[in-house]
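What follows is a single structure, written as C-alpha cells, with notes after it.
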Amino acid sequence: MKCTKYLYFLFILFWVVLSCSKDDTSNEIESGFSKIKQNVVVKTNRKPMGSGVLMQAFYWDVPAGGTWWDVVSSKIDSWNKAGVDAIWLPPVSKAQNGRYSMGYDLYDYYDFGEYDQKGSVETRFGSRTELESLISTAHENGINVIADIVINHNSGGDLEPNEFAGKETYTKFDPLSNMFARTKYDFHPNDRYNADIGVFGGFPDLSHKKTYVQDWLWKRNNSVAKYYIDTMKFDGYRFDYVKGFEPWVAREFRESTGVFGVGEYWDRNVDALKVWTDRAQMSAFDFACYYSMRDAFMGDDLNALSGDMLWKRNALRAVTFVTNHDTNEIYTNKLLAYAYILTHEGYPAIFYRDYEDWLNKSKMNNLIWIHNNLASGNTSMLWADNDEYVARRNGVEGRPGLIVYINISNFWKERWVYTNWSARKIKDYTGNSGWEPSTQEGKWVKIEAPPKGYTVWSLK
C-alpha cells in the first residue's frame with residue numbers, strides 16, 4: 001500500500017512538472033522575441049513584444065493642456081491595424097513644471113494627474129483617469145504600453161540645510177501622494193555615499209545604494225516598479241539616462257516585476273552598448289545603428305551600413321530607431337532608413353511624427369507589414385558601396401525571408417544577387433518595381449531599385 005501511494009505521488013509530481021514545462025514552452029514560443037531576450041513575463045491578451053513594431057507615442061513639446069492621452073487613444077485602433085505591438089509613453093508622473101513639463105524633471109512618482117501640486121492637477125498630457133483609459137484601450141487592442149522611467153534624478157524639491165553638500169539644496173520632497181518622500185539622505189552626497197557614476201543637469205541625484213531608495217523604487221509591494229505594473233497596468237519600462245547609474249539598478253528594478261525593459265544608453269560605441277545590455281540584462285536603443293545610418297544616409301555613403309551595430313552583436317537586445325524625441329539628424333533619405341531597420345534584425349521603433357506627420361503613411365504601413373510578415377531569420381549582407389546596399393534575411397520555417405535593395409543614387413540600379421530560392425518567382429513587395437523575375441536553378445537573380453528608393457523582394 002505504501003509503495004502504491006509512493007508511486008501515485010511520483011506520478012502526480014511528474015504530471016505537474018510536465019505541465020509546467022509545457023506551459024513554459026508555450027509561453028516562450030508565444031512571446032518570441034521578448035521572452036527569449038529578457039525572460040519577460042507574458043501577458044496572453046497582448047501581442048508578444050517584438051512581433052510587431054514599437055511606436056514612440058510622443059515627441060518633444062507635444063501640445064500642452066492635458067489632451068495628449070486622448071490624442072494617443074484615438075490612434076490606437078489604426079496603429080493596431082498597422083502592426084504596432086507596443087507604445088512608449090512619455091514620463092507619466094507629475095514633474096516640477098506641472099502642466100508644462102514633458103516629465104523628465106520628475107517630482108512625485110505616484111501622481112499621475114490627480115493631485116493639485118506643482119501648479120496643476122493634470123500633467124501636461126492629461127489626468128490619471130485619461131491615462132488609465134488609454135492603457136485599457138491599448139490592451140483591448142492587444143497593444144503593450146511602456147512607461148518612461150526617470151530614476152537617475154528628481155526635481156522640484158524644497159530647500160533644506162545640507163551639511164553633506166555644505167550648502168542648502170533642493171532635496172526635500174513631500175509629495176501629496178504621501179509616497180516616497182525624500183530628503184538630503186536620499187541624494188548625493190549623503191551620509192554614506194558621495195556620488196555614483198553620473199549626474200544630470202544639476203538635478204538632485206538619487207542614491208540607489210541607499211536601502212530606503214531601493215525599497216521605494218523596486219523592493220516594496222507598492223514600490224514604483226510594482227505600482228506601475230500592478231496598479232497602473234503598464235507592460236514594460238523605458239529607462240531614461242542609464243549612464244547616470246550602475247546597470248544593476250535597472251536590472252533589479254526590471255527583474256522585480258519581470259516585464260520588458262529598454263535603456264537609453266546614448267553612445268555609438270557598440271562595445272559599451274553590449275556591455276550595458278549584458279550587465280543590465282535587458283535591451284538598449286541601438287545608437288550604434290543610428291549613427292551608422294546617419295553617416296550612410298546623410299553622408300551619401302552606404303558603406304557605413306557595413307559597420308558594427310548592437311543588432312549585429314545581439315539582435316534580441318537591440319531596439320533600432322531612425323528618430324526619437326531627442327534626435328532628428330536623419331532627414332535626407334529618412335524613408336530609406338526606415339526601410340533599413342524594418343527589414344533588418346532588432347526591434348524597430350517608429351517615431352510618432354515620422355509616422356503621423358512627416359512621411360508617407362501608406363509607405364510606412366507597407367514597410368511595417370513587410371517587417372511583420374517577411375523579415376525573418378538572420379541577415380547576410382550581399383553588397384555595399386557609396387550608392388547601393390543589398391542584404392538578405394535568410395528566413396525561418398514557414399517564412400521565406402527577403403532581400404532588400406537600397407539605392408541613394410539619382411538613377412535606377414540593377415544587381416545580380418544570390419538568394420535562398422531555386423527556380424522560384426519573386427516580386428517586390430513595396431510596389432516600387434513591377435518586375436517579377438524567376439531565380440535561376442543556381443539561386444541567382446537580377447533585381448532593381450529606383451533612384452533615391454528601395455525594393456524588398458520575396459517569394460510571390
Side-chain angles (χ1 to χ4, degrees), residues 31 33-34 40-43 45-60 62-63 67-93 102-104 112-113 123-150 228-229 232-240 254 257 259-264 282-283 285 319-326 338 341-342 346-359 361 364-365 367-369 371-372:
S31 64
F33 180 94
S34 55
V40 167
V41 172
V42 180
K43 299 179 180 179
N45 61 330
R46 317 278 198 278
K47 298 176 184 178
M49 257 184 279
S51 63
V53 302
L54 168 64
M55 176 67 73
Q56 180 177 349
F58 68 99
Y59 53 93
W60 198 257
V62 300
T67 61
W68 191 248
W69 297 148
D70 291 336
V71 170
V72 174
S73 292
S74 72
K75 306 289 185 182
I76 293 295
D77 179 62
S78 63
W79 290 349
N80 173 40
K81 291 173 181 175
V84 170
D85 65 29
I87 59 173
W88 157 28
L89 299 183
V92 297
S93 302
M102 284 297 295
Y104 292 96
F112 301 92
T123 67
R124 182 190 191 96
F125 315 110
S127 68
R128 175 172 179 151
T129 300
E130 290 162 343
L131 173 60
E132 290 174 330
S133 176
L134 162 58
I135 295 170
S136 294
T137 299
H139 288 168
E140 289 165 6
N141 283 270
I143 292 178
N144 300 276
V145 186
I146 296 174
D148 204 319
I149 297 293
V150 183
Y228 268 59
I229 304 303
M232 298 305 294
K233 306 302 182 184
F234 282 98
D235 305 291
Y237 317 109
R238 178 265 187 189
F239 291 91
D240 180 62
R254 187 197 69 79
T257 55
V259 298
F260 174 85
V262 56
E264 182 208 28
M282 68 176 75
S283 298
F285 288 99
V319 176
T320 55
F321 66 99
V322 175
T323 312
N324 64 26
H325 60 293
D326 290 322
Y338 274 108
I341 68 168
L342 287 163
Y347 184 19
I350 308 298
F351 183 55
Y352 179 95
R353 299 214 71 180
D354 285 341
Y355 184 82
E356 292 291 340
D357 301 326
W358 293 339
L359 299 178
K361 187 179 291 189
M364 289 290 287
N365 283 339
L367 286 171
I368 294 170
W369 184 91
H371 171 269
N372 293 353

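This is a predicted model, so every value here is computed, not measured.
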What about W88 and F285, are their ring centers closer than 6.0 Å? yes
With ring centroids as reference points, do Y352 and W68 lie under 6.0 angstrom apart? yes
May I ask you to decide if V145's main-chain N or O and D235's side chain share a donor-acceptor pair within less than 3.5 Å? yes
Calculate, to the nearest 0.5 Å, the distance between atoms CZ and CZ belonging to R254 and F239 respectively. 8.0 Å
Which value, rounded to the nearest 0.5 Å, describes the distance between S136 atom OG and I76 atom CD1? 11.0 Å
Is it the case that the side chains of K47 and N80 hold a donor-acceptor pair, with the cut-off being a distance below 3.5 Å and no angle test? yes
Looking only at the aromatic ring of each residue, does the gap between the centers of W60 and Y104 stay below 6.0 angstrom? yes
Would you say N365's side chain and A82's backbone share a donor-acceptor pair under 3.5 angstrom? no
Take M102 and F58 through the test side-chain contact (heavy atoms from CB on, under 4.5 Å) and record every step on the way to the result. CA-CA 10 Å; M102 284 297 295; F58 68 99; 4.0 Å; yes
Less than 4.5 Å apart, any side-chain heavy atom of F125 and any of P90? yes
Minimum heavy-atom separation for V319 to S283, with atom names? CG2-CB, 4.1 Å
When you measure from the side chain of R46 to the backbone N and O of H139, does any donor-acceptor pair fall under 3.5 Å? no
Would a distance-only check, ignoring hydrogens and angles, find a side-chain to backbone donor-acceptor pair under 3.5 Å from N324 to D326? yes
Taking only residues two or more places apart in sequence or in another chain, which ones pass side-chain hydrogen bond (donor to acceptor under 3.5 Å, both in side chains) with E264? R238
Could you tell me if Y237 and T257 have a donor-acceptor pair between their side chains, going purely by distance under 3.5 Å? yes
Hey, what do you get for CG (D354) to CE (M364), rounding to the nearest 0.5 Å? 6.0 Å
Is the shortest heavy-atom distance from the side chain of F260 to the side chain of F234 under 4.5 Å? no
Closest approach of G103 and P91, non-hydrogen atoms and distance? O-CB, 3.4 Å
Just so I know, are the side chains of Y59 and T323 near enough to count as touching, which here means a heavy-atom distance under 4.5 Å? no
Ignoring hydrogens and angles, tell me if any N or O in the side chain of N372 forms a donor-acceptor pair with the backbone of G83 under 3.5 Å. yes
Residues that P348 engages under side chain to side chain contact (heavy atoms under 4.5 Å, CB included), provided they are two or more places apart: V53, T320, I341, L342, H371
Applying the side chain to side chain contact (heavy atoms under 4.5 Å, CB included) test to L54, which of V262, I87, I350, I146 qualifies? I146
Would you check if K81 and N141 make a side-chain contact, meaning some heavy-atom pair closer than 4.5 Å? no
Look at the aromatic rings of Y355 and W79 and report parallel, tilted or perpendicular, splitting at 30° and 60°. perpendicular
Measure the spacing between CZ of R128 and OG1 of T123 and express it to the nearest 0.5 Å. 12.0 Å
What's the verdict on ring pair (Phe, Tyr, Trp, His ring centres under 6.0 Å) for F351 and Y338, showing C-alpha distance, side-chain angles and the deciding distance? CA-CA 10 Å; F351 183 55; Y338 274 108; 9.1 Å; no
L134 CG to S74 OG distance, which is reported to the nearest 0.5 Å: 10.0 Å
Is a side-chain donor or acceptor of D85 paired with a backbone partner of N144 at a separation under 3.5 angstrom? no
Heavy-atom closest contact (S93 atom, Y228 atom, distance): OG-OH, 2.6 Å
Measure the spacing between OG1 of T67 and CZ of R124 and express it to the nearest 0.5 Å. 9.5 Å
